[in-house]
Amino acid sequence: MTDFRGFYAATLTPFSADGSAVASDALGRLVEHDIAAGLDGLYVGGSTGEAFLMSPEERLHVFAATAEAARGRTRLIAHVGDLNPAVATHLAREAAKLGYDAVSAVPPFYYGYGWAEIRAFYAALATATDLPFLVYNIPSFSGVALSAGQLAELARLPNVAGIKFTSADLYGLERLRRQLPDRVLLNGYDELLLAGLSMGADGGIGSTYNVQGRRVMALARALAAGETARAQELQRDMNRLIDLLVEVGVMPGLKFLLSLWGLPMGPCRPPFLPLDAAAKARLEEAAETMLDGEPRPAEAAGH
C-alpha cells in the first residue's frame, strides 16, 4: 500500500456568508495555501470540515472541489464516516472515482454498538473500494473507546493501511507502534504532535495545520535532526495558539484567522455560534503575534 507517512492538514469547509452553500473558490485557495506550506497532503471532510453538518451531496461537492484544486500535487485522504454505512460506502466509492489516495472513517457511533458490530462495519467499508483505508480513532468525539488490541485488530483487516490516532493515550499509541510495525500511525491531537512522534507516530493530521503548517514541518525536521530543544520550542509555540483556539472555539477561530488573511471562510454551521467581539479581538492579536512567518493564503494563492 502507498506510504502515508507525513503531515496532513484537516481541511475546513468554507461556506457562503449565510452558511447555505460550499464556497468552492475559497476552498480552492485553502488548498493552495496548504500546499504552499509544504505539507504532505490533505485530510478532507473530517471533523474539522464539519462533515456531520453537511448532506452527502455537499460532502461529495467538497471532495470534488478539493481534488480539482489539488490537481494531483498532494495526497488526498477522504473522510467518509457516517452513521449510515450505505452513505459511508457511497462516499468512499465516489472518492475513489475522484482520484483520492485513501479513505478514512470514524467508527459507527451514537447507538452504542458492540465490538463485533464495529469490526464488521470497518471490514465492509475498508473493502468497499481498492483504496487504502485509515481507521479514525477519536473517542472524545465519537464516544467509541477502543483498546490498543482492538485497534490493532482493525489495522490488520484487508486494505487497512493504518490509523489516525486522535487520543491522548500515548501509552496506547506506543503499544500500537510495537504491534503494528508495518502500519502507518498518524497523530491526531495537534497539541501532542511532538509527543506522538516521539512515541512512534509516522506523522500527523491536524486542523491547526491550516494556519501553522510551516511550524509543523519545522518541528518534524527538528525532531528528525535530533534538535529536541528546538522541537519543544516549536510545540510550545503551536500550543499557545491552540490554547486560544480551544477557548474561543477551534473551528470558528480557525475560520476567522483565515478570513483575516484574506480568505473568506464564512461561518460555521449551527449549532456553532458566531464569535463575539472579544474573541475576534484576541484572534486578531494572535494573527500578528503567534503566526509570524506563516504564509497568508492570499499570498500563497498569488492574490
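Only this structure's heavy atoms are used, side chains among them; waters, hydrogens and symmetry mates stay out.
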Sub-4.5 Å side-chain heavy-atom contact between Val62 and Leu27
yes
State yes or no: do Trp115 and Val135 share one hydrophobic cluster built from I, L, V, M, F, W and Y residues joined by side-chain heavy-atom distances below 4.5 Å, directly or via other members?
yes
Looking at CG of Leu193 and CE of Met238, how far apart are the two atoms once the value is rounded to the nearest 0.5 Å?
5.0 Å
Any donor-acceptor pair under 3.5 Å linking the side-chain atoms of Ser24 with those of His61?
yes
Should Val250 and Leu273 be regarded as members of a common hydrophobic cluster, given that ILVMFWY residues are connected when their side-chain heavy atoms come within less than 4.5 Å of each other, either directly or indirectly?
no
Rounded to the nearest 0.5 Å, what separation is found between the CG atom of Leu39 and the OG1 atom of Thr11?
11.5 Å
Does the side chain of Asn239 reach to within under 4.5 Å of the side chain of Ile242, using non-hydrogen atoms?
yes
Is there a continuous path of hydrophobic side-chain contacts, each under 4.5 Å between heavy atoms, that joins Leu291 to Leu254?
yes
Return the minimal non-hydrogen interatomic distance between Ala10 and Thr48, and the atom names on each side.
O-CG2, 3.3 Å
Validate the cation-pi geometry between Arg175 and Tyr171: distance from NZ or CZ to the six-membered ring centre under 6.0 Å, angle to the ring axis within 45°.
yes
Ser147 side, atom OG; Asp169 side, atom CG - distance, nearest 0.5 Å:
10.0 Å
I want to check a possible cation-pi pair here: Arg183 against Phe4, using under 6.0 Å from ring centre and within 45° of the ring axis as the test.
no
Would you mind reporting whether Glu32 and Arg73 have side-chain heavy atoms less than 4.5 Å apart?
yes
Test side-chain contact (heavy atoms from CB on, under 4.5 Å) applied to Tyr113 and Val144, step by step
CA-CA 9 Å; Tyr113 295 107; Val144 179; over 6 Å; no
Decide salt bridge (charged side-chain N to carboxylate O under 4.0 Å, His left out) for Asp202 and Arg177; before the verdict, give the C-alpha distance in whole Å, the side-chain angles of both, and the deciding distance to 0.1 Å.
CA-CA 10 Å; Asp202 301 299; Arg177 180 74 291 160; 2.7 Å; yes
Worked check of salt bridge (charged side-chain N to carboxylate O under 4.0 Å, His left out) between Glu284 and Lys280
CA-CA 6 Å; Glu284 287 169 351; Lys280 290 180 179 179; over 6 Å; no
Is any side-chain heavy atom of Phe15 less than 4.5 Å from a side-chain heavy atom of Val22?
yes
Donor-acceptor pair, distance only, cut-off 3.5 Å: does the side chain of Thr127 make one with the backbone of Ala124?
yes
Measuring only between side-chain heavy atoms, which start at C-beta, is Thr13 closer than 4.5 Å to Arg59?
no
So Tyr110 and Leu83, side-chain contact (heavy atoms from CB on, under 4.5 Å) or not? Walk me through it.
CA-CA 8 Å; Tyr110 184 76; Leu83 192 57; 4.2 Å; yes
For a ring-ring contact (aromatic ring centres under 6.0 Å, His included) check, start with the C-alpha distance between Phe141 and Phe52, then their side-chain angles and the critical distance, and finish with the verdict.
CA-CA 12 Å; Phe141 277 25; Phe52 300 115; 9.6 Å; no
Which one of Leu12, Leu258, Asp34 satisfies the side chain to side chain contact (heavy atoms under 4.5 Å, CB included) criterion with Val211?
Leu258
Walk me through whether Tyr100 and Val44 qualify under side-chain contact (heavy atoms from CB on, under 4.5 Å).
CA-CA 10 Å; Tyr100 275 70; Val44 184; 3.9 Å; yes
Do we see a donor-acceptor contact under 3.5 Å between the side chains of Thr208 and Gln212?
yes
Could you tell me whether the side chain of Met265 reaches within less than 4.5 Å of the side chain of Leu257, counting heavy atoms only?
no
So how far is it from Asn187 CG to Leu173 CG, rounded to the nearest 0.5 Å?
7.0 Å
Using every non-hydrogen atom in the two residues, find where Gly253 and Leu283 come nearest and quote the distance to one decimal.
CA-CD1, 3.8 Å
Stepwise, does the salt bridge (charged side-chain N to carboxylate O under 4.0 Å, His left out) test hold for Glu285 with Arg282?
CA-CA 5 Å; Glu285 181 181 358; Arg282 295 178 68 191; over 6 Å; no
Using side chain to side chain contact (heavy atoms under 4.5 Å, CB included) as the criterion, list what pairs up with Ala69, not counting sequence neighbours.
Val31
Within residues 120-141 or reaching into it, pairs that qualify as salt bridge (Lys or Arg N to Asp or Glu O under 4.0 Å) - sequence neighbours excluded
none
Nearest 0.5 Å, what's the CG-CG distance between Leu219 and Leu234?
5.5 Å
Under 3.5 Å, is there a donor-acceptor pair between the side chain of Glu294 and the main chain of Arg215?
yes
I'd like to know if Asp237 and Arg240 make a salt bridge, using a cut-off of under 4.0 Å between side-chain N and carboxylate O.
yes
Applying salt bridge (Lys or Arg N to Asp or Glu O under 4.0 Å), which residue pairs with at least one partner in residues 116-129 are found, sequence neighbours left out?
Arg119-Glu153
Side-chain donor/acceptor of Gln235 to backbone N/O of Leu194, under 3.5 Å:
yes
Mind telling me whether Phe7 and Tyr209 have parallel, tilted or perpendicular rings, with 30° and 60° as the class edges?
tilted
Tyr189 and Ser140: side chain donor to acceptor below 3.5 Å
yes
Give, for atom CD1 of Ile77 and atom CG of Leu42, the distance between the pair rounded to the nearest 0.5 Å.
9.0 Å
For Ala51 versus Gly45, what's the shortest heavy-atom pair and its separation?
CB-O, 3.1 Å
State yes or no: do Leu245 and Leu263 share one hydrophobic cluster built from I, L, V, M, F, W and Y residues joined by side-chain heavy-atom distances below 4.5 Å, directly or via other members?
yes
Under 3.5 Å, is there a donor-acceptor pair between the side chain of Arg269 and the main chain of Ser20?
yes
Taking all non-hydrogen atoms of both residues into account, name the closest pair between Gly206 and Asp190 and its distance.
CA-OD1, 3.1 Å
Does the side chain of Phe165 reach to within under 4.5 Å of the side chain of Leu151, using non-hydrogen atoms?
yes
Quick check on side chain to side chain contact (heavy atoms under 4.5 Å, CB included): which of Leu134, Asn159, Leu125, Val80 does Val103 satisfy it with?
Val80
Tell me, do Leu186 and Tyr8 make a side-chain contact under 4.5 Å, heavy atoms counted?
yes
Counterpart residues, ring pair (Phe, Tyr, Trp, His ring centres under 6.0 Å), relative to Phe121 (two or more places apart)
none
Has Asn210 got a side-chain atom pairing as donor or acceptor with Ser207's backbone, closer than 3.5 angstrom?
yes
Least distance between heavy atoms, Ala145 atom then Gln150 atom:
O-OE1, 4.3 Å
Set of residues satisfying ring pair (Phe, Tyr, Trp, His ring centres under 6.0 Å) with respect to Tyr43, sequence neighbours excluded
Tyr136
Which pair of heavy atoms, one from Ala161 and one from Pro132, lies closest together, and at what distance?
CB-CB, 3.9 Å
Per-pair distances, 0.1 Å, donor-acceptor, side chain in residues 89-98, under 3.5 Å, sequence neighbours excluded:
unit_1, atom_1, unit_2, atom_2, d
Thr89, OG1, Pro85, O, 2.9
Arg93, NE, Ala128, O, 3.3
Glu94, OE2, Lys97, NZ, 3.1

